[in-house]
Amino acid sequence: TTPCGGVKPFLEGKTGHCADGRILRYCPPMIRKPAAKRNTLALIAGIVWSLTGIFLSTVAVSWLFDSKIAYLLTALAGGLVAGWLIYRFKFAKLASQNIDRIYEQSPGSEKVCIFAFQNARSYFLVIIMMTMGYAIRHSGLPKPYLAPFYLAIGSSMLLSSLLYYRPLRSRPCPHPPPKRRRKTLV
């Protein structure tokens, strides 16, 4: 018989046992989900949120370069205050839920699926935000008027990304550095 994991059908009338105990006439291919260690997944998620926040904030600031100083300061202040509010009341909660999901899923397994750090609703939210960003950017509105919105989303994502790094610091390193010996003066 063919061990489970192959796609070669068994001979006529023969049966086989799959890894989960089912009796089959053929063995389906084993589908392996892409997985990573929890700390690696938290680090990747934090880096993605950080880079996206930096990108959006940089774009917003670049749109403000040709603005008058009064508008530039008003747009920066408004965007940063709105960004802090978005972080405080929405994105911090979302990032915390994602972090909890990373560390709580598959308790017996060392690795977890790399796509499971967000729920389906969050992926849907990302698609909507990207679509709206594209539509607004190409709407014909002057870029300096869009800058505070981009800065608000970018700064809130950057602040929220810091939450992903916090569990990495609090978890003990599996390989602590060797203890240094004290030199004695004798």
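All values reported here derive from a predicted model rather than from experimental measurement.
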Review point. At their closest point, which heavy atom of L158 faces which heavy atom of S50, and how far apart are they?
Key: CD1-O, 3.8 Å
**Study point:** Heavy-atom closest pair, residues A152 and A82
**Key:** CB-CB, 3.8 Å
Point to revise | ILVMFWY cluster, V48 and L168 together (side-chain gap under 4.5 Å) | key: no
Check your understanding: Are side-chain heavy atoms of T40 and I114 found at a separation under 4.5 Å?
Key -> no
Check your understanding: Within the side chain of K143, is there an N or O that forms a donor-acceptor pair under 3.5 Å with the backbone of R137?
Key -> yes
Study note, to complete from the structure: dist L146:CG -> L151:CG (nearest 0.5 Å) comes out at 12.5 Å
Check your understanding: Can you find a heavy atom in the side chain of L85 that is under 4.5 Å from one in the side chain of R88?
Key -> no
Point to revise | Same apolar cluster (I L V M F W Y, side chains within < 4.5 Å links), F149/M157 | key: no
Practice item. State the CG-CD distance between L94 and Q118, to the nearest 0.5 angstrom. Key: 6.5 Å
Practice item. List for me each residue that meets side chain to side chain contact (heavy atoms under 4.5 Å, CB included) alongside V59, sequence neighbours excluded, and say none if there are none. Key: F55, W63, Y150
Practice item. Rounded to the nearest 0.5 Å, what's the gap from CG on L163 to NZ on K93? Could you check? Key: 14.0 Å
Review point. For K37, which residues count as a salt bridge (charged side-chain N to carboxylate O under 4.0 Å, His left out) partner, sequence neighbours excluded?
Key: E110
Check your understanding: K111 and A35: which non-hydrogen atoms are nearest, and at how many Å?
Key -> CB-CB, 3.8 Å
Check your understanding: Is there a path from L56 to I136 through hydrophobic residues (I, L, V, M, F, W, Y) whose side chains come within less than 4.5 Å of each other?
Key -> yes
**Study point:** Cluster check I86, L80: I/L/V/M/F/W/Y, side chain < 4.5 angstrom
**Key:** no
Check your understanding: Would you find a donor on one side and an acceptor on the other, under 3.5 Å apart, between the side chain of Y165 and the backbone of I47?
Key -> yes
Exercise for review: May I ask you to check whether over 12 heavy atoms, not counting those of F91, lie within 6.0 Å of atom CZ?
Suggested key: yes
Review point. Are L125 and Y123 connected in the hydrophobic side-chain network, where two residues link if heavy atoms are under 4.5 Å apart?
Key: yes
Practice item. Starting at CD1 of I127, measure out to OG of S122 and round the result to the nearest 0.5 Å. Key: 11.0 Å
Point to revise | Any donor-acceptor N/O pair, Y71 side chain to P144 backbone, under 3.5 Å | key: yes
Check your understanding: Minimum heavy-atom separation for S161 to G46, with atom names?
Key -> CB-O, 3.5 Å
Point to revise | Closest heavy-atom pair and its distance - C113, L41 | key: O-CD2, 3.7 Å
Practice item. Please tell me if the side chains of W84 and L159 come closer than 4.5 Å, counting only heavy atoms from C-beta onward. Key: yes
Practice item. First locate atom CD1 of I69, then atom CG of L64, and finally report the distance between them rounded to the nearest 0.5 Å. Key: 10.5 Å
Study note, to complete from the structure: CG (L162) and CH2 (W49) are apart, to the nearest 0.5 Å, by 11.5 Å
Check your understanding: If every non-hydrogen atom of A95 is compared with every non-hydrogen atom of S160, which pair is closest and at what distance?
Key -> CB-O, 4.0 Å
Exercise for review: Measure from the side-chain N and O atoms of S156 to the backbone N and O of I153, and report whether any donor-acceptor pair falls under 3.5 Å.
Suggested key: yes
Check your understanding: Would you say Y164's side chain and N98's backbone share a donor-acceptor pair under 3.5 angstrom?
Key -> no
Check your understanding: If you draw a 6.0 Å radius around CZ in F115, do more than 12 non-hydrogen atoms from other residues or ligands fall strictly inside?
Key -> no
